[in-house]
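The structure displayed is predicted, hence computed values, not measured ones. The sequence lines fix the lettering, A, B, ..., with proteins before strands; numbering per chain opens at 1.
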Amino acid sequence: MAKTQAVRGMNDVLPSETPIWQHLEECFARVVKSFGYSEIRFPVLEQTQLFKRSIGEVTDIVEKEMYSFEDRNGDNLSLRPEGTAGCVRAADQHGLLYNQQQRLWYQGAMFRHERPQKGRYRQFQQFGVETYGMAGPGIDVELMQLSSALWQELGINSHVRLELNNIGDAQERGEYTQALRKFFIDHKSGLDSEALRRLETNPLRILDSKNPSLQSILDKAPLLADFVSDKSKDHFDELLSLLDVAEIDYVINPKLVRGLDYYNSCVFEWVTDALGAQGTVCGGGRYDGLVEQLGGKSTFAAGFAMGAERLVLLLEELTNLRDQLSKRADVFILVRDEDCIGAAQALAKNLRFHLPSRSVVIHYGGGKVSSQLKGAIAAGAQFACILESEQLKDSSSLRLRKLDDVGESTDCFIADVPDKLIKCLL
RNA sequence: GUGACUGUAGCUCAGCUGGUAGAGCCCUGGACUGUGACUCCGGUGGUCGCGGGUUCGAACCCCGUCAGUCACCCCA
């Protein structure tokens with residue numbers, strides 16, 4: 001019988017990769033704490049209706065990417081395809097949004113049934129940040145500063161760039177979409193099949209076309225900027241000047257349109273060229289209408305989410321963190337004779353007590369001392385304690401070997417080992 | 001969801017026009033001294049992704065299926 005394998009698009013994170021994940025999680029937690037954000041946790045499963053109402057009925061995500069099913073009660077549930085909807089639901093349900101400001105963060109698995117590719121999986125981890133109750137562009141910029149601080153912390157700031165756009169509110173975008181549709185219908189003869197398809201589904205996307213023969217038409221198309229209200233424009237202009245003060249570089253990308261309906265005003269993405277087609281590492285923006293749309297009180301809101309897998313890929317590609325973090329042991333205890341195991345365990349206990357931040361590993365399973373030494377070096381240990389039955393009985397001592405290029409070794413009373421190692425390792 | 005390419009030992013890969021499998025690394029034993037990185041010799045390990053078909057005979061050809069990669073699409 002064939003071995004069972006992981007479900008398509010779900011991937012395992014192996015021990016060689018988990019240190020990078022832990023590093024990423026620690027950095028994120030540190031940055032978010034330094035900005036005064038609080039963690040919120042909410043379920044992986046929600047009513048399907050929640051996602052339909054927030055993300056939008058006709059978006060790709062709800063139309064063809066959700067893991068939806070009926071549970072035993074006949075309720076239609078879905079695995080969350082993103083975090084914002086669940087966060088709003090949880091925060092509003094518990095009164096966190098009533099006449100107050102909130103700065104929240106979360107971390108967790110999201111699910112989308114897409115064709116898997118590197119940097120795009122059906123289960124993927126997101127780190128997200130959501131803020132509520134703040135109207136001005138200051139909070140938008142804070143989100144960008146926060147993400148920027150994380151890139152700094154991770155050492156990838158020179159490999160990502162900030163792109164942003166002002167997409168107006170839902171009504172303005174609706175008017176623009178209508179005008180755009182009308183424009184393209186008038187120029188239907190010049191469109192290719194892909195553009196004709198998008199004319200029905202999402203006319204905004206025609207602007208993205210890479211077909212050079214469409215360029216002359218596209219150049220004449222109406223501009224979103226002309227449909228955006230003055231209020232929205234002022235917000236955006238103010239935001240740009242704050243970004244300048246904050247010394248964060250950005251590119252305005254007029255084609256940047258996010259795939260979720262709830263966004264309005266300023267949206268942004270951090271993108272990289274190092275990951276091929278999956279270049280978006282972080283995306284977000286304002287969604288002032290969503291809380292009310294989901295039955296709450298009208299509340300200003302802005303947030304972003306970043307894809308952990310993509311960040312891990314970036315870190316693996318651009319840094320040598322993997323090697324730096326690969327150490328599994330500081331002290332390795334080798335046993336030449338099986339009857340030394342009790343003494344080895346007693347020594348390990350003592351060392352762990354005296355060196356609580358260090359890792360102490362005992363070799364089990366016998367084998368030559370030379371191959372045990374190899375294992376100790378492979379684990380990154382700096383010291384090996386070699387226990388030998390005879391020496392142990394005769395003098396309560398062991399051989400302490402330094403695992404550097406020189407490899408000098410000395411005899412040492414067991415009772416003195418902690419002191420010696422404390423001197424070297426603390 | 002569409003298209004292209006790939007799938008052989010734990011890992012990286014050979015395997016010519018079909019004749020039932022190989023290398024390097026890793027692991028392990030020995031030369032070697034009871035204690036590491038070099039050298040040499042030996043050993044473990046594969047129903048060639050899975051299922052059909054063609055053939056006297058399939059890792060190789062055909063069909064299906066699963067998975068991965070890349071692009072489209074979409075997004076984190």
Side-chain angles (χ1 to χ4, degrees), chain A residues 1-11 14 16 55 59-65 80-84 107-128 147 160 193-194 197-198 201-202 204-205 208-211 256-260 263 267 269-272 275-284 303-314 332 334-337 363 365-379 381 383-391 398-411:
Chain A
M1 178 157 133
K3 284 187 198 172
T4 56
Q5 49 189 355
V7 173
R8 181 141 139 113
M10 316 275 153
N11 54 356
L14 303 178
S16 58
I55 297 167
T59 55
D60 279 13
I61 293 178
V62 317
E63 265 187 346
K64 47 196 187 200
E65 294 175 2
R80 60 185 182 194
E82 58 103 42
T84 303
Q107 169 190 358
M110 309 295 160
F111 302 83
R112 305 226 280 241
H113 192 107
E114 296 179 274
R115 181 103 161 218
Q117 207 172 311
K118 191 202 283 186
R120 188 171 81 181
Y121 310 102
R122 290 182 175 178
Q123 176 180 334
F124 57 100
Q125 290 282 325
Q126 279 190 344
F127 297 111
S147 38
V160 292
S193 60
E194 185 59 31
R197 189 181 65 77
R198 285 170 171 170
T201 58
N202 191 350
L204 291 173
R205 286 283 166 199
D208 279 344
S209 175
K210 283 152 195 151
N211 187 342
L256 180 58
V257 186
R258 316 228 68 244
L260 296 83
Y263 284 113
V267 296
E269 284 185 2
W270 288 91
V271 294
T272 177
L275 292 181
Q278 261 56 55
T280 303
V281 133
C282 173
F304 69 72
M306 33 203 209
E309 283 80 2
R310 290 179 187 179
L311 290 173
V312 168
L313 285 171
L314 263 189
F332 227 100
L334 314 187
V335 285
R336 266 235 357 240
D337 309 297
H363 176 93
K368 297 190 300 184
V369 172
S370 65
S371 63
Q372 292 189 34
L373 272 170
K374 266 199 209 168
I377 291 158
F383 288 94
C385 299
I386 304 162
L387 286 167
E388 179 189 338
S389 191
E390 217 173 294
Q391 185 184 8
L398 51 69
R399 198 83 175 147
L400 183 63
R401 189 176 176 93
K402 204 165 181 207
L403 299 176
D404 55 12
D405 291 342
V406 183
E408 83 178 304
S409 60
T410 51
D411 286 319

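Spacing between B:rG1 and B:rA58 at atom C1', rounded to whole Å, works out to 34 Å. B:rC50 and B:rA21 are spaced 15 Å apart, taking the P atom of each and rounding to whole Å. Across B:rC75 and B:rG7, the matching C1' atoms stand 28 Å from one another, rounded to whole Å. B:rG49 and B:rG68 have their C1' atoms separated by 11 Å, with the value rounded to a whole Å. Between the C1' atoms of B:rC72 and B:rC62, the separation comes to 29 Å (whole Å). For the P atoms, the distance linking B:rC16 with B:rC11 amounts to 22 Å, nearest Å. B:rU8 and B:rC60 have their P atoms separated by 13 Å, given to the nearest Å.
Note on A:Glu65: only backbone sugar-phosphate atoms sit closer than 4.0 angstrom, heavy atoms only; bases stay farther off. No engagement by A:Gly365 is indicated, since no non-hydrogen atom pair under 4.0 Å with the nucleic acid exists. As judged by a 4.0 angstrom heavy-atom cut-off over every strand, A:Leu260 is placed among residues touching the sugar-phosphate backbone only.
Donor-acceptor pairing under 3.5 Å, judged by distance alone, is present between the side chain of A:Arg120 and the base of B:rC73. One N or O donor and one acceptor, one from the side chain of A:Glu114 and one from the base of B:rA76, sit under 3.5 Å apart. The base of B:rG68 is not paired with the side chain of A:Arg115 by any donor and acceptor separated by under 3.5 Å.
Checking A:Arg399, A:Glu388, A:Gln391 one by one against A:Arg336, the side chain to side chain contact (heavy atoms under 4.5 Å, CB included) holds for a single residue, A:Glu388.
The partner of B:rG45, taking Watson-Crick or G-U wobble pairs whose two distances both stay under 3.5 Å, does not exist in any strand shown.
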Checklist entry - Run the side chain to side chain contact (heavy atoms under 4.5 Å, CB included) check on A:Phe111 and A:His113 step by step: do they pass? => result CA-CA 7 Å; A:Phe111 302 83; A:His113 192 107; over 6 Å; no
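Picking from B:rU69, B:rA67, B:rA76 the nucleotide with the shortest atom distance to the side chain of A:Ala305 gives B:rA76.
Without hydrogens or angle criteria, A:Gln107 side chain to A:Gln125 main chain gives no donor-acceptor distance under 3.5 Å.
A:Gln278 and A:Gly119 make their closest contact through CG-O, 3.6 Å (heavy atoms, listed as atom of the first residue, atom of the second, distance).
Judged as a side chain to side chain donor-acceptor pair (under 3.5 Å), and not counting sequence neighbours, A:Arg120 has no contacts.
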Checklist entry - Using a cut-off of 4.0 Å between protein heavy atoms and nucleotide atoms, how would you tag nucleotides 30-36 of chain B 5' to 3' with B, S and -? => result S---BBB
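The 5' end of RNA chain B is approached more closely, in terms of each residue's nearest nucleotide, by A:Ala6 than by the other of A:Ala6 and A:Gly307. Nearest-nucleotide positions on RNA chain B place A:Gln117 closer to the 5' end than the other of A:Gln117 and A:Asp60.
Put simply, A:Gln5 has no side-chain N or O that comes within less than 4.0 Å of OP1 or OP2 on B:rC66. One finds a side-chain N or O of A:Arg8 lying less than 4.0 angstrom from the OP1 or OP2 phosphate oxygen of B:rA67.
Judged by distance alone, the side chains of A:Glu309 and A:Asn11 never bring a donor and an acceptor atom under 3.5 Å apart.
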